[in-house]
Amino acid sequence: MRIDRLSFLFPLVVTAVALSGCSDAEPASIPSGYMNLAGVQAEYDSTVENFPYPLPDGVDFPTRAQEPAATDQPTIYQKGSGLDQTYQFWECAWQDQALRSQGTDQDAAGKALDMLEQGLTSIYRTQYVVDTDGVWKNTLDKAKLGDLSALGEFYTSDCIWYRAETGQ
Amino acid sequence: MSKLKLAAKVAAASVAAALLAVVGATAAEAATYSVYGDLNTGGYLVQYSTYRTHGGGGSSLKITDNVSSYSRFGLRNTSNVQITNSNEYHGTGTLLAFTLASNGSYDIPAGSYAINGRMAADSGHGADHHWAGTLSL
């Protein structure tokens with residue numbers, strides 16, 4: 001009986017919490033498996049705090065997760081959206097290292113590619129990325145053989161946020 | 001797919017008005033993915049968190065199971081920007097190629113992309129918000 005009474009109150013509590021941080025662009029309710037922006041930030045913070053791989057020297061994760069490109073429309077984010085951002089930033093940092101070290105510091109370039117290869121078994125690559133053709137693995141393999149052209153294409157497309165945050 | 005669809009509908013019912021959506025992908029063949037999920041009957045934009053690695057070139061989405069109203073889908077990059085125009089789907093069976101929002105090109109650059117989706121709001125009781133399709137990327 002006690003549990004039933006508490007469960008009756010739960011939707012009211014959730015609604016109150018949701019409304020307390022509500023903006024015009026936030027939906028009135030968040031379904032299971034989804035988050036609002038605050039949820040994305042919380043997931044991002046938690047992932048950063050427990051991130052299992054090192055960043056290059058002198059690079060730190062941004063304090064804030066990415067803001068949505070369009071803020072005028074109510075948006076809900078599938079769980080994993082905060083985690084995605086940390087791993088994408090991390091991959092971009094090592095891509096940057098590899099590309100900048102190419103031809104000038106082969107040890108540094110090799111280390112950067114080794115880190116990216118380690119990332120193939122990360123929770124991000126194994127649970128939040130689908131790459132049935134092995135495009136990313138092939139890109140890293142080519143880079144290890146000295147051809148970083150494909151890696152450069154990914155850096156251009158995927159690392160806009162990283163470049164903005166780091167001034168690269 | 002029928003079992004998956006049934007599972008999705010049962011799950012959605014179990015959370016009453018809440019929308020439970022899962023986007024999964026299995027490869028039917030290289031760079032072609034079976035995608036499905038639930039949209040929000042209130043018309044909210046849904047940003048899915050599964051990314052797919054694209055080596056460059058064209059991309060399209062065919063909707064085989066649509067929502068009760070109509071749906072719109074686009075591709076989002078890792079910088080939280082939808083880089084394609086939204087394709088609008090009424091009914092099923094239509095395959096539409098994605099075009100870049102910047103210049104209308106069909107050539108989607110190499111990169112990592114996730115799906116953005118929304119449906120026209122439908123306040124009808126039990127409005128169908130489930131969708132499924134085939135993504136080529």
Side-chain angles (χ1 to χ4, degrees), chain A residues 11 25-36 40 43 65-70 73-85 87-89 91-92 124-125 127-139 149-164, chain B residues 11-12 14-35 37-57 75-83 101 108-118 121 129 135 137:
Chain A
E26 288 198 0
S29 63
I30 306 295
S32 174
Y34 287 83
M35 309 177 286
N36 59 10
V40 174
E43 186 181 88
Q66 293 186 77
E67 294 293 324
Q73 51 188 347
T75 303
I76 54 178
Y77 306 85
Q78 191 175 28
K79 285 193 173 175
S81 297
L83 180 147
D84 285 348
Q85 293 185 34
Y87 279 88
Q88 289 159 357
F89 185 92
E91 287 190 348
C92 287
Y124 169 65
R125 281 282 161 190
Q127 294 188 25
Y128 293 95
V129 176
V130 182
D131 183 9
T132 52
D133 282 351
V135 172
W136 182 240
K137 175 71 164 58
N138 292 339
T139 298
S149 58
L151 191 74
E153 291 182 39
F154 276 95
Y155 183 72
T156 299
S157 293
D158 286 357
C159 300
I160 298 169
W161 181 49
Y162 167 82
R163 294 199 300 274
Chain B
S14 69
V15 293
L19 180 158
L20 173 65
V22 174
V23 164
T26 54
E29 57 183 79
T32 300
Y33 307 96
S34 174
V35 292
D38 290 326
L39 293 174
N40 182 276
T41 55
Y44 303 153
L45 174 65
V46 178
Q47 291 200 358
Y48 296 107
S49 60
T50 299
Y51 281 84
R52 292 172 181 81
T53 310
H54 179 54
L75 297 177
R76 183 181 81 252
N77 67 12
T78 58
S79 298
N80 226 10
V81 174
Q82 184 174 313
I83 57 119
I108 309 299
S112 305
Y113 300 104
I115 294 175
N116 275 359
R118 77 161 70 217
H129 54 270
L135 174 69
L137 182 65

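Order of the sequence lines sets the chain letters (A, B, ...), proteins ahead of strands, with each chain counted from 1.
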Of F154(A), W161(A), W136(A), the largest count of non-hydrogen pairs under 4.5 angstrom with chain B goes to F154(A)
Tightest non-hydrogen contact, residues S157(A) and P109(B), listed as OG-CB, 3.7 Å
Between the OH atom in Y34(A) and the OH atom in Y48(B), the distance rounded to the nearest 0.5 Å is 4.5 Å
Okay, D158(A) and chain B: the region with an atom under 4.5 Å from a heavy atom over there is both
### Query
Is the closest side-chain heavy-atom distance between I76(A) and N40(B) below 4.5 Å?
yes
Point to revise | Side-chain donor/acceptor of Q66(A) to backbone N/O of T78(B), under 3.5 Å | key: yes
One option among G43(B), S112(B), G42(B) has the most heavy-atom pairs under 4.5 Å with chain A, and it is S112(B)
For the pair N77(B) and I160(A), evaluate side chain to side chain contact (heavy atoms under 4.5 Å, CB included) and give the outcome as yes or no after the intermediate values. CA-CA 9 Å; N77(B) 67 12; I160(A) 298 169; 3.9 Å; yes
By ring pair (Phe, Tyr, Trp, His ring centres under 6.0 Å), Y162(A) pairs with (sequence neighbours left out) F89(A)
When rounded to the nearest 0.5 Å, the distance separating OG1 of T53(B) from NZ of K137(A) is 13.5 Å
Heavy-atom nearest pair, Q47(B) first then T75(A), reads CG-CG2, 3.8 Å
Practice prompt. Starting from the C-alpha separation in whole Å, work towards a yes-or-no answer on side chain to side chain contact (heavy atoms under 4.5 Å, CB included) for T132(A) and Y33(B).
Written response: CA-CA 9 Å; T132(A) 52; Y33(B) 307 96; 3.4 Å; yes
The interface call for R76(B) against chain A, heavy-atom contacts under 4.5 Å, is neither
Turns out that what part of R163(A) lies under 4.5 Å from chain B's heavy atoms comes down to neither
dist S49(B):OG -> Q127(A):CD (nearest 0.5 Å) comes out at 10.5 Å
Between the CG atom in D131(A) and the CZ atom in R52(B), the distance rounded to the nearest 0.5 Å is 11.0 Å
